[in-house]
Amino acid sequence: MSNIPAFGLGTFRLQGQVVIDAVRNALELGYRAIDTAQIYGNEAEVGEAIAASGVRREDLFLTTKIWVDNAARDKLAPSLEESLAKLRTDYVDLTLIHWPAPGKGVSIDESMTALADAKARGLTRQIGISNFNIALTKEAMAAVGKDAIATNQIELSPYLQNRKLVSFLQGEGIHVTSYMTLAYGKVLGDPVIGAIAQRHQATPAQVVLAWALQLGYSVIPSSTKRENLASNLLARTLRLTDDDMAQIAALERNGREVSPDGLAPAWD
């Protein structure tokens, strides 16, 4: 089993000084896992904020993701070395193939094998996948062995619960990391979530994050507001009842927010 932190800071869409401030605030508040990606264009700023924070490298868990243009065997490790230079570190804790990109002509076997080689070289401590469906996860498992795959980071929210894929991953012992857990904020206005939040004297965001944590997923919510970063952390101590969990389970509506043409697989 992987040892991926349950709670981290996502940096998708955060740029420049905004991401520097978000990472600084998060680290000051006690976050120790930071999730970035080559395509986010913010690895250097994340690295700058970490360096300025004074937090020891061994106390951090850094994740980045290989962009599809770098998935080929000859490009993957050099691109990861560039990411390390930007992040000002000798290694990342986790590196994911960001999208399977079936249309890009690089096989899953090639990219996963190259990623495993990068791990063997010490560039990354763990490896994994992101946005892979069941069939492609099976291909990744065939390439490197299922025990090598630390997580599949997938879009997952009360409106997109991805039960078939989650059930498969958990059956194989592959950890689930949820992104877009708040569905771009759409679930925060949901009356069911709101009523649960009121009962627990919590925020809707805390309820949704607690729901994902109780299902065993890791979460990586992002925020540009320090008070929201602090508030989100409190989800770790919020315990939802079986009834709360059942009410949220009933919100499933296949509400997918992210499915870029040419990158996304055929979803399960």
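For this chain, numbers begin at 1 and follow the sequence in order.
- Annotation: cation-pi pair Arg125/Phe61 absent, no NZ/CZ under 6.0 Å from the ring centroid and within 45° of its normal.
- For Tyr31 (side chain) and Leu229 (main-chain N/O), a donor-acceptor pair under 3.5 Å exists by modelled atom type.
- Side-chain atoms of Gln206 come within 3.5 Å of backbone atoms of Ser231 as a donor-acceptor pair (strictly under, hydrogens ignored).
- Once rounded to the nearest 0.5 Å, the distance linking CG of Asn254 with CG of Asn162 reads 8.0 Å.
- Side chain to side chain, Ser222 and Arg13 fail the donor-acceptor criterion of an N or O pair below 3.5 Å.
- Between Val176 and Leu156 the shortest heavy-atom distance is CG1-CD1, 3.7 Å.
- The main-chain N or O of Arg73 is found under 3.5 Å from a side-chain atom of Glu110 such that the two form a donor-acceptor pair.
- Under 4.0 Å is where a charged nitrogen must lie from a carboxylate oxygen, and between Arg56 and Glu58 at least one such pair does.
- The two residues Ala77 and Arg121 have their closest heavy-atom pair at CB-NH1, 3.3 Å.
- Test Ile34, Leu87, Thr36, Leu60 against Val92 for side chain to side chain contact (heavy atoms under 4.5 Å, CB included) and you get one pass: Leu87.
- Separating the CG atom in Asn70 from the CD1 atom in Ile97 is a distance of 9.5 Å, to the nearest 0.5 Å.
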Mind running salt bridge (Lys or Arg N to Asp or Glu O under 4.0 Å) on Asp21 and Arg226 for me, showing each step along the way? CA-CA 9 Å; Asp21 292 344; Arg226 187 182 172 102; over 6 Å; no
Go through the steps for Ile50 and Leu62 under the test side chain to side chain contact (heavy atoms under 4.5 Å, CB included), then give the verdict. CA-CA 10 Å; Ile50 288 169; Leu62 297 183; 3.4 Å; yes
Begin from the C-alpha positions of Glu257 and Tyr159 and carry the test side chain to side chain contact (heavy atoms under 4.5 Å, CB included) through to its verdict. CA-CA 10 Å; Glu257 301 289 337; Tyr159 289 170; 5.9 Å; no
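- The aromatic rings of Tyr40 and His98 sit perpendicular, their planes meeting at an angle over 60°, well past the 30° parallel limit.
- Paired with Gln153 under the rule side chain to side chain donor-acceptor pair (under 3.5 Å), one option of Asn131, Thr63, Asp35 passes, and it is Asp35.
- Using a 4.0 Å cut-off between charged side-chain N and carboxylate O, Arg239 and Asp244 make no salt bridge.
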